[in-house]
Amino acid sequence: FSLEKLLAMASWRRSFAVETRGVDTSRERRSRKGYLHGHRDVLNRPVVIAVAARHNCFLRSLPESKLLCVQVLEEAIRGLDAADQRTLES
C-alpha cells in the first residue's frame with residue numbers, strides 16, 4: 001500500500017512540474033508565506049516555515065501558491081543529506 005502511495009506521489013510530482021512550467025512565483029516568494037529557515041533543526045534537517053497570517057485567499061493566485069509550496073518542499077528535500085533521503089524513500 002505504501003509503495004502505491006509513493007509511486008502516485010512521484011507521478012504527481014512529475015505531472016505538477018510540467019503543469020507549472022512558466023508560472024512565476026516571485027510575488028508569492030516576496031510575501032514570505034513559506035520559506036526555508038536560515039538554520040537547521042537539532043538533527044541538521046532543513047526547516048520549512050509557513051506563515052498562516054500571510055495567506056489571503058482573496059489576494060493570491062492559487063497556481064502560484066501551490067507552486068510555491070511545492071518549490072519550498074523540494075528545496076527542503078534537496079537540503080537533506082543522503083541518509084535522510086534514503087529514509088524518505090524507504
Side-chain angles (χ1 to χ4, degrees):
F1 186 69
S2 56
L3 177 60
E4 291 173 20
K5 287 185 175 186
L6 182 61
L7 293 172
M9 186 267 310
S11 174
W12 177 84
R13 283 172 68 184
R14 280 190 300 277
S15 68
F16 189 79
V18 170
E19 291 172 13
T20 56
R21 283 195 183 129
V23 176
D24 180 20
T25 60
S26 59
R27 189 173 67 116
E28 289 290 299
R29 282 194 179 267
R30 281 193 306 273
S31 73
R32 304 281 288 162
K33 294 175 186 176
Y35 57 93
L36 287 182
H37 194 278
H39 300 282
R40 293 172 166 259
D41 71 6
V42 295
L43 298 176
N44 199 34
R45 298 173 299 196
V47 175
V48 174
I49 303 293
V51 184
R54 295 185 184 151
H55 290 264
N56 181 330
C57 65
F58 300 109
L59 299 176
R60 58 110 168 102
S61 160
L62 184 56
E64 286 180 35
S65 292
K66 285 173 34 177
L67 182 56
L68 176 65
C69 291
V70 170
Q71 287 175 343
V72 170
L73 292 173
E74 291 290 327
E75 289 169 15
I77 290 169
R78 282 193 302 273
L80 295 170
D81 66 25
D84 293 327
Q85 291 210 17
R86 280 193 301 278
T87 301
L88 281 176
E89 293 169 0
S90 60

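Below, all heavy atoms of this structure are taken into account, side chains as well, without hydrogens, waters or symmetry copies.
Among Q71, R54, K33, the single residue meeting the side chain to side chain donor-acceptor pair (under 3.5 Å) criterion with E28 is K33.
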Checklist line | E4 and L7: CA distance, side-chain angles, deciding distance, side chain to side chain contact (heavy atoms under 4.5 Å, CB included) verdict | finding: CA-CA 5 Å; E4 291 173 20; L7 293 172; 5.9 Å; no
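Across A76 and P46, no two heavy atoms sit closer than the pair O-CG, 3.2 Å. Taking each heavy atom of V70 and W12 in turn, the nearest pair found is CG2-CH2, 3.5 Å. When every heavy atom of L68 is checked against every heavy atom of R29, the shortest pair comes out as CD1-CG, 3.5 Å.
Within the 4.5 Å cutoff, no side-chain heavy atoms of V47 are placed close to those of L36.
Side-chain N or O atoms of R32 include none that pairs as donor or acceptor with a backbone N or O of V51 at under 3.5 Å.
Atom NZ of K5 is separated from atom CG of L3 by 12.0 Å, given to the nearest 0.5 angstrom. Taking CG of L80 as the reference point, atom CZ of R78 lies at 11.0 Å (rounded to 0.5 Å).
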